Engineer: 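Could you have a look at this structure, given as structure tokens, before my questions?
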Amino acid sequence: MYPPKFGYVIPDSVNEANEFLEKHEDAKALAGGHSLIPMLKLRILRPSYLVELKGLNELHYIRKEDGKIRIGALTTHYEIVKGNLPLLSQAGSTVADPQVRNMGTIGGVISHLDPAADYPASLMAMDAVVKIKGTSGEREEPFKDFAKDMFSPDLNPGEIVKEVIIPEFPGYTFSYKKLERRAGDYAIVGVAVLLKKDSGVIKDVRIGLTAVNNKAVRAYEAEKILLDKSPDEKLIEEAAEKAMGYANPTSDIRGSAEYKKKMTKVMTKRAILEALNR
Ligand SMILES: Cc1cc2nc3c(=O)[nH]c(=O)nc-3n(C[C@H](O)[C@H](O)[C@H](O)COP(=O)(O)OP(=O)(O)OC[C@H]3O[C@@H](n4cnc5c(N)ncnc54)[C@H](O)[C@@H]3O)c2cc1C
């Protein structure tokens, strides 16, 4: 319940935050605080300083330009839900509860990289790109590479996530299906589906899975089954079965590995059906 002692820094700019974080490698950026503060309260972490990002307006925006949507790292779950964004708005509406959604940020989620977080399934499906800023400049990296492993973002000392970039996906339909024990809980399984149909034929389809691996994955082989086909029940069943093959879950308080694997198939089927019928 009681965090350890730490120093607290309020930088005036992202540059200043970069410089401070580079100089103090055990300092931690503070965004929405809804993963970091709980860890401090359990004393899982003992950073020397917290570097407050919240006041840095240069990280707080949603912009649509040139077929891309740029989401500033400090954009909250609540703002994403209200933003009418493909897939992400639906995924955001399932994150935690209203209080957490008011504070938590997309930059915080992907820097923390809980393997059961909701956005990563969608970010994988959408080929999202992460813009990262450090003292020596900015770089962009596909989310699939940025997410190296659970709780392991590809961030060098002093770097912070500046922006998440996703394509607009005009004419696509989508679905994020989350299986949870109760409202407000992390996913047992989360499946994101994004697809485009033309005269009943699937012209593009992307399927992302969360909570069933160390990090979110894309079920490419399941996508191939649906591509350029008019989907019927048998085909959807086949694709969902293939998606299940991508799940390598662990048994925990949310269920056995076997149950989670089976539910990957069930949730994939539901997500495909919802996307097709939207
Ligand atoms: C009760 C509860 C239930 C929850 N349920 C869910 C859920 O169902 N699904 C879900 O996805 N999440 C859930 N969460 C997590 C929530 O979404 C957090 O808000 C999120 O994981 C972290 O975002 P944050 O802005 O709060 O980050 P913080 O807690 O401030 O930071 C988390 C980590 O990221 C780093 N960081 C933050 N921003 C940046 C940045 N821009 N650049 C570099 N590093 C940065 C911090 O240093 C820290 O290491 C839950 C949290 C709580 C408390």
Side-chain angles (χ1 to χ4, degrees), residues 3 6 8-9 11 14 17-18 20-22 24-42 44-61 71-81 88 90-123 130-134 138-139 141 146-147 150-164 176 178-190 192 208 210-211 215-216 254:
F6 53 81
Y8 181 62
V9 178
V14 177
N18 289 140
F20 192 91
L21 286 164
E22 194 176 73
H24 303 82
E25 276 199 32
D26 67 337
K28 282 270 170 199
L30 175 66
H34 275 56
S35 290
L36 185 52
I37 304 290
M39 287 193 294
L40 293 182
K41 286 175 163 234
L42 293 168
I44 294 169
L45 285 176
R46 291 173 181 272
S48 55
Y49 290 93
L50 295 191
V51 180
E52 177 71 86
L53 301 183
K54 265 286 185 197
L56 301 176
N57 288 334
E58 55 192 300
L59 296 177
H60 204 155
Y61 53 84
I71 308 165
L74 288 181
T75 307
T76 63
H77 308 321
Y78 175 75
E79 287 159 344
I80 285 172
V81 175
L88 277 186
Q90 191 183 1
S93 71
T94 72
V95 171
D97 53 45
Q99 286 93 335
V100 174
R101 291 198 289 273
N102 273 332
M103 293 297 290
T105 66
I106 190 165
V109 169
I110 67 164
S111 305
H112 182 58
L113 279 181
D114 190 306
D118 289 294
Y119 295 133
S122 304
L123 297 177
V130 183
K131 189 179 250 187
I132 298 148
K133 189 185 167 321
E138 294 182 354
R139 63 187 177 92
E141 189 175 22
F146 173 81
M150 61 164 78
F151 304 113
S152 304
D154 187 16
L155 286 172
N156 299 316
E159 284 187 329
I160 61 168
V161 170
K162 189 175 177 197
E163 186 176 88
V164 176
Y176 179 66
K178 173 175 181 174
L179 179 68
E180 54 189 342
R181 295 177 301 175
R182 64 183 101 82
D185 199 4
Y186 275 91
I188 300 170
V189 178
T210 190
K215 60 177 205 171
R254 292 193 176 86

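Just follow the structure's listing: the first ligand is 1, and inside any ligand the first atom is 1. All values derive from a computational prediction rather than experimental measurement. Because only heavy atoms are used, hydrogens play no part in the values below, and waters and symmetry mates are left out as well, while side chains stay in. Numbers here simply count residues along the sequence, with the first being 1.
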Engineer: Hey, is ligand 1 close enough to D118 that some N/O pair sits below 3.5 Å?
Structural biologist: yes
Engineer: May I ask whether D114 has any heavy atom positioned less than 4.0 angstrom from an atom of ligand 1?
Structural biologist: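 Under 4.0 Å: no for D114.
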Engineer: So if I count the atoms of ligand 1 from 1 in the order they appear, which ones are less than 4.0 Å from some heavy atom of T105?
Structural biologist: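 Reading through ligand 1 atom by atom, the close ones are 23 (O), 24 (P), 25 (O).
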Engineer: Could you go through residues 99-110 and list every donor-acceptor pair under 3.5 Å that involves a side-chain atom there, pairing it with any protein atom two or more places apart or in another chain?
Structural biologist:
unit_1: R101; atom_1: NH1; unit_2: S93; atom_2: O; d: 3.4
unit_1: R101; atom_1: NH1; unit_2: V95; atom_2: O; d: 2.8
unit_1: R101; atom_1: NH1; unit_2: A96; atom_2: O; d: 3.3
unit_1: T105; atom_1: OG1; unit_2: G108; atom_2: N; d: 2.9

Engineer: Can a non-hydrogen atom of D185 be found less than 4.0 Å from any atom of ligand 1?
Structural biologist: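 Heavy atoms of D185 do come under 4.0 Å of ligand 1.
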Engineer: Starting from atom 21 (O) of ligand 1, locate the nearest protein heavy atom and write down its residue, its atom name and how far away it is, to 0.1 Å.
Structural biologist: S35 OG, 2.7 Å
Engineer: Quick check: does L155 get an N/O under 3.5 Å from an N/O on ligand 1?
Structural biologist: no
Engineer: Can you see which heavy atom on A187 is nearest to which on K178, and at what distance?
Structural biologist: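 Residues A187 and K178, closest heavy atoms: N-CE, 3.6 Å.
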Engineer: In the protein, which heavy atom is nearest to atom 51 (C) of ligand 1, and how far is it?
Structural biologist: H34 O, 3.4 Å
Engineer: Nearest protein heavy atom to atom 33 (C) of ligand 1, by residue and atom, and its distance?
Structural biologist: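 Here the nearest protein heavy atom works out to H112 CB, 3.9 Å.
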Engineer: Do D185 and R254 touch side chain to side chain, with heavy atoms closer than 4.5 Å?
Structural biologist: yes
Engineer: Against heavy atoms of H77, which atoms of ligand 1 measure under 4.0 Å?
Structural biologist: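 By the 4.0 Å cutoff, the relevant atoms are 16 (C), 17 (O), 19 (O).
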Engineer: Give yes if a backbone or side-chain nitrogen or oxygen of P38 is under 3.5 Å from a nitrogen or oxygen of ligand 1, and no if not.
Structural biologist: no
Engineer: Is there a nitrogen or oxygen of V100 sitting under 3.5 Å from a nitrogen or oxygen of ligand 1?
Structural biologist: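 V100 vs ligand 1: no N/O contact under 3.5 Å.
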Engineer: Just distances here: any N/O of V161 and N/O of ligand 1 closer than 3.5 Å?
Structural biologist: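 There is such a contact, yes.
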Engineer: Below 4.5 Å, heavy atoms only, C-beta onward: do L36 and L50 meet side chain to side chain?
Structural biologist: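 Yes, at least one pair of side-chain atoms sits under 4.5 Å.
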Engineer: Among all residues two or more places apart in sequence or in another chain, which pass the side chain to side chain donor-acceptor pair (under 3.5 Å) test with E159?
Structural biologist: R139, N156
Engineer: Do the non-hydrogen side-chain atoms of F151 and D114 ever get within less than 4.5 Å of each other?
Structural biologist: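 Yes. Closest side-chain heavy atoms under 4.5 Å.
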Engineer: Could you check atom 31 (O) of ligand 1 against the protein and tell me its nearest heavy-atom contact, residue, atom and distance included?
Structural biologist: L36 CB, 3.9 Å
Engineer: Give me the residue, atom name and distance of the protein heavy atom closest to atom 50 (C) of ligand 1.
Structural biologist: Y186 OH, 3.5 Å
Engineer: Any chance you could lay out the side chain to side chain contact (heavy atoms under 4.5 Å, CB included) test for F146 and L155, step after step, and finish with the verdict?
Structural biologist: CA-CA 8 Å; F146 173 81; L155 286 172; 3.8 Å; yes
Engineer: What protein heavy atom lies closest to atom 3 (C) of ligand 1? Include the residue and the distance to one decimal.
Structural biologist: A96 CB, 3.6 Å
Engineer: What protein heavy atom is closest to atom 40 (C) of ligand 1, reported as residue, atom name and distance in Å?
Structural biologist: S111 OG, 3.6 Å
Engineer: Is a side-chain N or O of K28 found less than 3.5 angstrom from the main chain of P47, in a donor-acceptor match?
Structural biologist: no
Engineer: Let's go through E52 and K54 carefully: what are the C-alpha distance in whole Å and the side-chain angles of both, what is the deciding distance for salt bridge (Lys or Arg N to Asp or Glu O under 4.0 Å) to 0.1 Å, and is it a yes or a no?
Structural biologist: CA-CA 6 Å; E52 177 71 86; K54 265 286 185 197; over 6 Å; no
Engineer: Report the part of K178 (side chain from C-beta onward, or backbone N, CA, C, O) that has a heavy atom under 4.0 Å from ligand 1; answer both or neither where that applies.
Structural biologist: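 Answer for K178: side chain.
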Engineer: Please report the shortest heavy-atom distance between G190 and Y176, naming the atom on each side.
Structural biologist: CA-OH, 3.6 Å
Engineer: Please name the pair of heavy atoms, one in S122 and one in A91, separated by the smallest distance, quoted to 0.1 Å.
Structural biologist: OG-CB, 3.8 Å
Engineer: Just wondering, are more than 12 heavy atoms of other shown residues or ligands nearer than 6.0 Å to CZ in F20?
Structural biologist: yes
Engineer: Using only atom types and a distance under 3.5 Å, with no angle test, would you say the side chain of T210 pairs donor to acceptor with the backbone of K215?
Structural biologist: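 Checking the backbone N and O of K215 against the side chain of T210, no donor-acceptor pair under 3.5 Å is found.
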Engineer: Please indicate whether any nitrogen or oxygen in A73 is less than 3.5 Å from any nitrogen or oxygen in ligand 1.
Structural biologist: no
Engineer: For atom 47 (O) of ligand 1, grab the closest protein heavy atom and report residue, atom and distance to one decimal in Å.
Structural biologist: A29 O, 2.5 Å
Engineer: What do you reckon, does L30 have a nitrogen or oxygen under 3.5 Å from a nitrogen or oxygen of ligand 1?
Structural biologist: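 Min N/O separation from ligand 1 is not below 3.5 Å for L30.
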Engineer: Taking the side chain from T75 and the backbone from H60, do they hold a donor-acceptor pair closer than 3.5 Å?
Structural biologist: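 Here the side-chain-to-backbone pair does not exist.
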Engineer: Do any nitrogen or oxygen atoms of I160 come within less than 3.5 Å of a nitrogen or oxygen of ligand 1?
Structural biologist: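 In fact, backbone or side chain, I160 has no N or O that close.
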Engineer: Which ligand 1 atoms, with their elements, are less than 4.0 angstrom from a heavy-atom of G32?
Structural biologist: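 Result: 24 (P), 25 (O), 26 (O), 27 (O), 30 (O).
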Engineer: Within a distance under 4.0 Å of any heavy atom of G104, pick out the atoms of ligand 1 and give their elements.
Structural biologist: 19 (O), 25 (O), 26 (O)
Engineer: At under 4.0 Å between heavy atoms, is it the side chain or the backbone of D97 that contacts ligand 1, or both, or neither?
Structural biologist: neither
Engineer: Given 3.5 Å as the limit, does a donor-acceptor pair link the side chain of S152 with the main chain of M150, or not?
Structural biologist: yes
Engineer: Show me which atoms of ligand 1 lie under 4.0 Å from any heavy atom of A31.
Structural biologist: 25 (O), 30 (O), 37 (C), 38 (N)
